[in-house]
Asks: 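One structure follows; several queries about it will come next.
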Amino acid sequence: MAIDMKWFDEMEGRIPRGGVRTRFAPSPTGYMHVGNLRTALYTYLIARHAGGRFILRIEDTDQGRLVEDAVDVIYATMRRCGLTWDEGPDVGGPVGSYIQTERRDFYKKYAELLVEKGLAYYCFCDKAESAEDSGNFERAEDPCRALSKEEAEANVAAGRSYVIRQRIPEGTTTFHDAVYGDITVDNAELDDQILLKSDGLPTYNFANVVDDHLMGITHVVRGAEYLSSAPKYNLLYEAFGWEIPTYVHCSSVMINDPETGAVRKMSKRHGDPSYEDLVAQGYLSHAVVNYVALLGWAPHGDIAEQEFFTMDELIAAFDIAGISKSPSAFDMEKLNYFNANYLRGLSPEEFAREAEPWIRRTVKNEAYDAAAIAALLQARCERLSDIPEKVDFFDALPEYGADLYTNKKSKTNSEVSLEMLKQTAPVLSGLDDWSQDSIHGALVGLAEKLGVKNATLMWPLRIAAAGKAVTPGGAVEICRILGKDETLRRMELGMEKLNG
RNA sequence: GGCCCGGUGGUCAAGCGGCUAAGACACCGCCCUUUCACGGCGGUAACACGGGUUCGAUUCCCGUCCGGGUCACCA
């Protein structure tokens with residue numbers, strides 16, 4: 001076979017030079033792992049911090065795992081998280097295509113180049129061929145044998161399926177990682193790695209190296225699970241004579257298994273939440289991004305104690321030196337804390353907009369003002385999904401026991417509560433102005449007149465109005481939203497209950 | 001199991017030879033208060049272990065233990 005060196009020269013000529021270029025290269029699985037999101041974020045931040053370019057590349061070389069619309073999930077997730085890319089499948093760029101299956105010819109040519117150089121070889125693997133139908137590619141004991149160039153060409157010409165493997169030389173390989181430092185491994189640990197699969201598509205490792213090179217990637221950011229395959233990359237770069245990029249491996253995101261208590265890598269397969277799951281549970285993207293940024297990275301210097309960051313602040317503060325080597329555990333409690341803060345940081349209007357759909361899950365009665373309910377909720381929920389249960393009493397007064405009327409701190413019991421409700425009913429009934437201030441003023445005035453604590457008067461009223469020991473907002477707020485008629489009706493029910 | 005990488009409170013973490021070892025979440029008190037929250041104040045809690053090196057180790061080196069990752073025609 002003839003190698004057209006002019007083609008390679010042309011490819012090399014297209015590679016952008018100068019400036020930082022990073023890439024996020026997910027495979028389209030249909031959802032975004034928390035770990036992946038964090039890797040994407042760090043990758044983005046490294047590029048933006050340096051004023052460089054951030055590239056999105058789709059790694060879809062695994063035909064068996066293709067998921068429909070999965071690429072759209074990636075786009076949507078990254079946009080919602082504020083990770084905008086400068087080059088990618090949809091926006092194009094100087095070194096496209098940005099979808100690996102559309103680059104299959106490139107990989108094949110580069111693999112053949114290595115064969116030509118004597119650094120890789122064809123092999124024909126009967127066992128693999130027979131296993132192809134079942135889709136189960138078991139590792140053969142003696143999978144391949146190197147053939148002479150003539151034999152190989154004859155086989156290829158005869159249409160036999162084949163793979164191309166790289167010859168791994170003897171010795172040791174050392175590579176440098178920006179967070180882990182120098183790592184050396186014995187090449188004996190490495191197998192002759194497959195570059196091109198029998199379906200003509202490249203393996204992940206090979207496609208990565210070829211693409212990162214051709215796309216001019218300067219910083220290869222990825223999860224630490226790839227740390228042990230990194231030496232293979234160097235061997236590939238060396239075989240081609242290419243410049244080795246800066247590696248930035250990020251430790252894994254772990255999770256404490258709620259069932260077993262064991263710590264393990266976070267994964268969708270074990271039922272751990274993905275980004276999409278978190279959003280569905282009522283977490284704000286910015287809260288997730290902020291939290292995840294701090295999971296495995298910490299700011300240095302005079303902002304070492306800062307924990308809330310806007311994206312611009314992250315861009316300014318992010319540095320590779322702050323990335324930690326040890327794996328960190330995803331803590332839902334702390335995410336809750338971040339989310340609660342972001343929720344409170346919203347303007348009342350923004351919060352109401354976010355909250356309304358959740359409020360309306362249990363509050364179907366349009367007479368009850370969603371914005372007013374939202375106002376009570378803003379300081380009281382960590383996740384939007386906490387909302388429906390908290391406001392269910394508006395539509396339907398729960399069945400509740402008379403014991404709820406007894407509260408030590410408010411100095412109430414059944415008798416006291418009944419008396420308070422009896423005193424309160426005519427006062428509220430006579431109120432023309434059903435506003436917050438008006439109701440509050442009337443109640444406080446009555447408490448003073450009766451010589452009781454505000455709480456002693458308010459507690460029974462709130463229980464009668466809501467039928468729950470804990471509610472968002474107090475008696476005044478709830479009555480105000482319920483409206484005068486409904487409030488008085490519920491008070492009647494309460495008094496009946498207390499009369500036994 | 002081989003190889004690789006880690007190890008500061010329950011969790012996230014600062015620290016980068018000399019500190020009463022930060023801060024945050026969670027937890028526990030107190031204050032505020034119309035319940036609960038929010039907010040404010042305070043508290044409990046950590047350098048895995050054993051050897052070195054050093055005047056001095058959480059910090060450097062070695063071993064042990066523990067944890068994780070990886071050993072695919074998956075990424």
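Fair warning: this is a prediction, and the values are worked out from it, not measured in the lab. Chain A is the first sequence line, chain B the second, and so forth, proteins listed ahead of strands; every chain is numbered from 1.
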Asks: Any ion pair linking A/Arg23 and A/Glu59 (charged N to carboxylate O, less than 4.0 Å)?
Replies: no

Asks: Which protein N or O atoms sit under 3.5 Å from an N or O of nucleotides 14-23 of chain B?
Replies:
unit_1: B/G15; atom_1: OP1; unit_2: A/His300; atom_2: ND1; d: 2.9

Asks: Would you confirm whether A/Trp459, through its side chain, and A/Ser417, through its main-chain N or O, come within 3.5 Å as a donor-acceptor pair?
Replies: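 Checked: no pair found.
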
Asks: Give the rounded distance in Å between these two atoms: CD1 of A/Ile183 and C1' of B/G68.
Replies: 14 Å

Asks: Using a heavy-atom cut-off of under 4.0 Å over every strand shown, decide if A/Thr61 touches base, sugar-phosphate, or nothing.
Replies: sugar-phosphate

Asks: Can you tell me, in whole Å, how much space there is between the P of B/U11 and that of B/G51?
Replies: 26 Å

Asks: Measure the distance from NZ on A/Lys468 to P on B/C36 and round it to the nearest whole Å.
Replies: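 Between P of B/C36 and NZ of A/Lys468: 15 Å.
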
Asks: So which one's nearest nucleotide on RNA chain B is more toward 5', A/Leu335 or A/Pro327?
Replies: A/Pro327

Asks: Are A/Phe308 and A/Phe338 near enough that their ring centres are under 6.0 Å apart?
Replies: yes

Asks: Between A/Asn341 (side chain only) and A/Tyr337 (backbone N and O only), is there a donor and an acceptor less than 3.5 Å apart?
Replies: yes

Asks: For A/Lys484, give me all partners under salt bridge (Lys or Arg N to Asp or Glu O under 4.0 Å), at least two apart in sequence or on another chain.
Replies: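 Partners of A/Lys484 by the salt bridge (Lys or Arg N to Asp or Glu O under 4.0 Å) criterion come out as none, since no residue qualifies.
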
Asks: Which part of the nucleic acid, if any, lies within reach of A/Val263 when heavy atoms closer than 4.0 Å are counted: base, sugar-phosphate only, or nothing?
Replies: sugar-phosphate

Asks: What is the distance from CG of A/Asp191 to P of B/A72, rounded to the nearest Å?
Replies: 6 Å

Asks: Measure from the side-chain N and O atoms of A/Ser414 to the backbone N and O of A/Leu498, and report whether any donor-acceptor pair falls under 3.5 Å.
Replies: no

Asks: Atom OH of A/Tyr233 to atom P of B/A75: distance rounded to whole Å?
Replies: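 My rounded result for the distance is 10 Å.
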
Asks: Would you say the side chain of A/Arg462 and the base of B/U35 hold a donor-acceptor pair, judged only by whether the two atoms sit under 3.5 Å apart?
Replies: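 Per atom types, the contact qualifies.
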
Asks: Sequence neighbours left out, cut at 3.5 Å: what donor-acceptor pairs do the side chains of residues 223-231 of chain A make with other protein atoms?
Replies:
unit_1: A/Ser229; atom_1: OG; unit_2: A/Tyr226; atom_2: O; d: 3.1

Asks: P atom, B/U44 versus B/U33: distance in rounded Å?
Replies: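 It comes out at 28 Å once rounded to the nearest Å.
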
Asks: Should B/C66 form a Watson-Crick or G-U wobble pair with both distances under 3.5 Å, which nucleotide is its partner?
Replies: B/G6

Asks: Give a yes or no on whether a donor-acceptor pair under 3.5 Å exists between the nucleobase atoms of B/A75, that is its base, and the side chain of A/Tyr226.
Replies: yes

Asks: Just name whichever nucleotide pairs with B/C60, Watson-Crick or G-U, keeping both distances under 3.5 Å, else none.
Replies: B/G52

Asks: By nearest heavy atom, map A/Leu294 and A/Pro26 onto RNA chain B; which one lands nearer the 5' end?
Replies: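 Here A/Leu294 is the residue nearer the 5' end.
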
Asks: A/Lys108: which residues meet the salt bridge (Lys or Arg N to Asp or Glu O under 4.0 Å) condition with it, sequence neighbours left out?
Replies: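 So A/Lys108 forms a salt bridge (Lys or Arg N to Asp or Glu O under 4.0 Å) with A/Glu112.
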
Asks: Would you kindly give the OH-to-P distance between A/Tyr180 and B/U70, to the nearest whole Å?
Replies: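 The distance from OH of A/Tyr180 to P of B/U70 comes to 12 Å, rounded to the nearest Å.
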
Asks: Both distances below 3.5 Å, Watson-Crick or wobble geometry, any strand: find the nucleotide opposite B/A24.
Replies: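 B/A24 is paired, partner B/U11.
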
Asks: Sequence neighbours excluded, which residues qualify as side chain to side chain contact (heavy atoms under 4.5 Å, CB included) partners of A/Val179?
Replies: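 Only A/Asp177, A/Val248, A/Ile320, A/Ile323, A/Lys325 meet the side chain to side chain contact (heavy atoms under 4.5 Å, CB included) criterion with A/Val179.
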
Asks: How close or far is atom P of B/C5 from atom CG of A/Leu227, stated in whole angstroms?
Replies: 8 Å

Asks: How does protein contact run along nucleotides 38-46 of chain B, one letter per nucleotide 5' to 3', with B for base contact, S for sugar-phosphate only, - for none, heavy atoms under 4.0 Å?
Replies: SS-------

Asks: Rounded to whole Å, please give me the gap between CD in A/Gln193 and C1' in B/A75.
Replies: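 Atom-to-atom, A/Gln193 to B/A75, this comes out as 14 Å.
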
Asks: In whole angstrom, what separates A/Glu225's CD from B/C71's C1'?
Replies: 14 Å

Asks: Which value, in whole Å, describes the distance between the P atoms of nucleotides B/C61 and B/C5?
Replies: 13 Å

